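This report concerns only the one structure given below.
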Amino acid sequence: MASNDVTLEELEAAIRNVPDFPQEGIQFKDITPVLGNARLLDGSISHLLGEHTADTVNVVAGIDARGFIFGAAMARELGVGFVPIRKKGKLPWQTHEESYDLEYGSNTIAIHTDAVTNGHRVLLVDDLLATGGTAAAAANLVAKAGGRVVESVFFIELGFLDGRAKMGDVPVRALVKY
Ligand code: AMP
C-alpha cells in the first residue's frame with residue numbers, strides 16, 4: 001500500500017480532542033480514529049520511522065500502552081525487535097525501574113534487564129509527549145539496560161508543556177504539535 005502520500009495535516013485532522021477526559025481540565029488527544037483507518041495507520045508508521053532503517057536502529061522500544069501499537073508496527077517494518085516499557089508490576093522477569101513525579105503523586109515504569117543488548121541503538125516511541133516525565137524515565141531505563149536512545153518519536157507533542165526540556169541529549173521528533 002502506498003502510504004507516503006498521507007500528509008501530516010491529514011493525521012492532525014484525524015485526531016479527536018476529548019475535553020475533560022479522564023478528568024476535568026485535560027484535553028485528551030484520542031488517536032483511535034487514526035488507528036482505525038488503514039491508510040492513516042500505515043502513513044503514521046512511515047512518518048514515525050522517518051529516515052530510520054535497520055542500519056540506524058537495532059531495536060524499537062514502546063511506552064505502555066499506546067506506544068506499543070506504533071512501536072511493534074515500526075519494528076516489524078524495520079525488521080528489528082520490539083521492547084515494551086511497562087508500568088511497574090507488569091513485567092514478569094527481572095527489571096530496572098524508574099520513578100517520576102506526576103502532578104499528584106508519582107509513577108514507576110520498568111524494563112526487563114535483558115531487553116536491550118549493550119550499546120544497542122534504540123528508537124523510543126510513544127503516542128504523546130506532554131510534560132516529558134514518562135519519556136525521560138523511559139530513556140533512563142534504556143540507558144540502565146545498556147542501550148542508547150538514538151531518537152524519541154511521538155505522534156503528538158503538547159509543546160506548551162515543554163516536555164523536550166526533560167529529554168536532555170535525546171533527540172525528540174513529533175508529527176503533530178499543539
Ligand atoms: P507525560 O509524562 O506528562 O509526558 O505524559 C505522557 C503520557 O501520558 C503518554 O503516555 C500519553 O499517552 C499520556 N498523556 C498525557 N497527556 C495526554 C493527553 N492530553 N492526551 C492523551 N494522552 C495523554
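Just follow the structure's listing: the first ligand is 1, and inside any ligand the first atom is 1. What you see is a predicted model; the values in this text were computed from it and never measured. Numbering of residues begins at 1 and proceeds along the displayed sequence.
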Task: atom 2 (O) of ligand 1 - nearest protein heavy atom and its distance - done: T134 OG1, 2.5 Å
Open item on the list: Check this for me, if you would: do E157 and R173 make a salt bridge, where the nitrogen-to-carboxylate-oxygen distance has to be below 4.0 angstrom?
Closed with: no
TODO: Using a strict 4.0 Å cut-off to heavy atoms of D126, name the atoms of ligand 1 that fall inside it.
DONE: 9 (C), 10 (O)
Task: Nitrogen or oxygen of G132 less than 3.5 angstrom from that of ligand 1 - done: yes
- [ ] Tell me which protein heavy atom sits closest to atom 3 (O) of ligand 1, plus the residue, atom name and distance to 0.1 Å.
- [x] T131 OG1, 2.6 Å
- [ ] Ignoring angles and geometry beyond distance, decide whether Y100 reaches within less than 3.5 Å of ligand 1 through its nitrogen or oxygen atoms.
- [x] no
Open item on the list: Quick check on side-chain contact (heavy atoms from CB on, under 4.5 Å): which of I63, I109, D64 does R86 satisfy it with?
Closed with: D64
- [ ] Please list, chain by chain and in numerical order, all residues satisfying side-chain hydrogen bond (donor to acceptor under 3.5 Å, both in side chains) with K88, sequence neighbours excluded.
- [x] E97
Task: For G133, the ligand 1 atoms whose distance to one of its heavy atoms is below 4.0 Å - done: 2 (O), 4 (O)
TODO: Run the salt-bridge test on K177 and E12 with the 4.0 Å N-O cut-off and return the result as yes or no.
DONE: no
Task: Nearest neighbour in protein (non-hydrogen) for atom 19 (N) of ligand 1 - done: Q27 O, 2.9 Å
Open item on the list: Taking only non-hydrogen atoms of G163, do any sit less than 4.0 angstrom from ligand 1?
Closed with: no
Open item on the list: I'd like to know whether the aromatic ring centres of F160 and Y178 sit less than 6.0 Å apart in this structure.
Closed with: no
Task: Distance (rounded to the nearest 0.5 Å) between L49 CG and L123 CG - done: 7.0 Å
TODO: Give the numbers and elements of all ligand 1 atoms closer than 4.0 Å to a heavy atom of D127.
DONE: 9 (C), 10 (O), 11 (C), 12 (O)
Task: Heavy-atom protein contact below 4.0 Å for atom 8 (O) of ligand 1 - done: no
- [ ] Could you tell me whether some N/O pair between A130 and ligand 1 is separated by less than 3.5 angstrom?
- [x] yes
- [ ] Could you tell me whether the side chains of Q94 and H112 share a donor-acceptor contact shorter than 3.5 Å?
- [x] no
- [ ] For atom 14 (N) of ligand 1, find the nearest protein heavy atom and state the residue, atom name and distance (0.1 Å precision).
- [x] L128 CD2, 3.8 Å
Task: atom 20 (N) of ligand 1 [closest protein heavy-atom partner, distance rounded to 0.1 Å] - done: K29 N, 3.0 Å
- [ ] Using the rule that two of Ile, Leu, Val, Met, Phe, Trp, Tyr join whenever any of their side-chain heavy atoms come within less than 4.5 Å, decide whether V18 and I156 are in one cluster.
- [x] no
Open item on the list: Which residue and atom name correspond to the protein heavy atom nearest atom 13 (C) of ligand 1, and how close is it?
Closed with: R66 NH2, 4.0 Å
Using distance only, find each side-chain donor-acceptor pair of residues 24-33 under 3.5 Å and give its atom names and separation, not counting sequence neighbours.
from : atom 1 : to  : atom 2 : distance (Å)
Q27  : OE1    : N17 : ND2    : 2.6
K29  : NZ     : N17 : OD1    : 2.6
D30  : OD1    : T32 : N      : 3.0
D30  : OD1    : T32 : OG1    : 2.9
D30  : OD2    : R16 : NE     : 2.9
D30  : OD2    : R16 : NH2    : 2.8
D30  : OD2    : T32 : OG1    : 3.2
T32  : OG1    : R16 : NH2    : 3.4

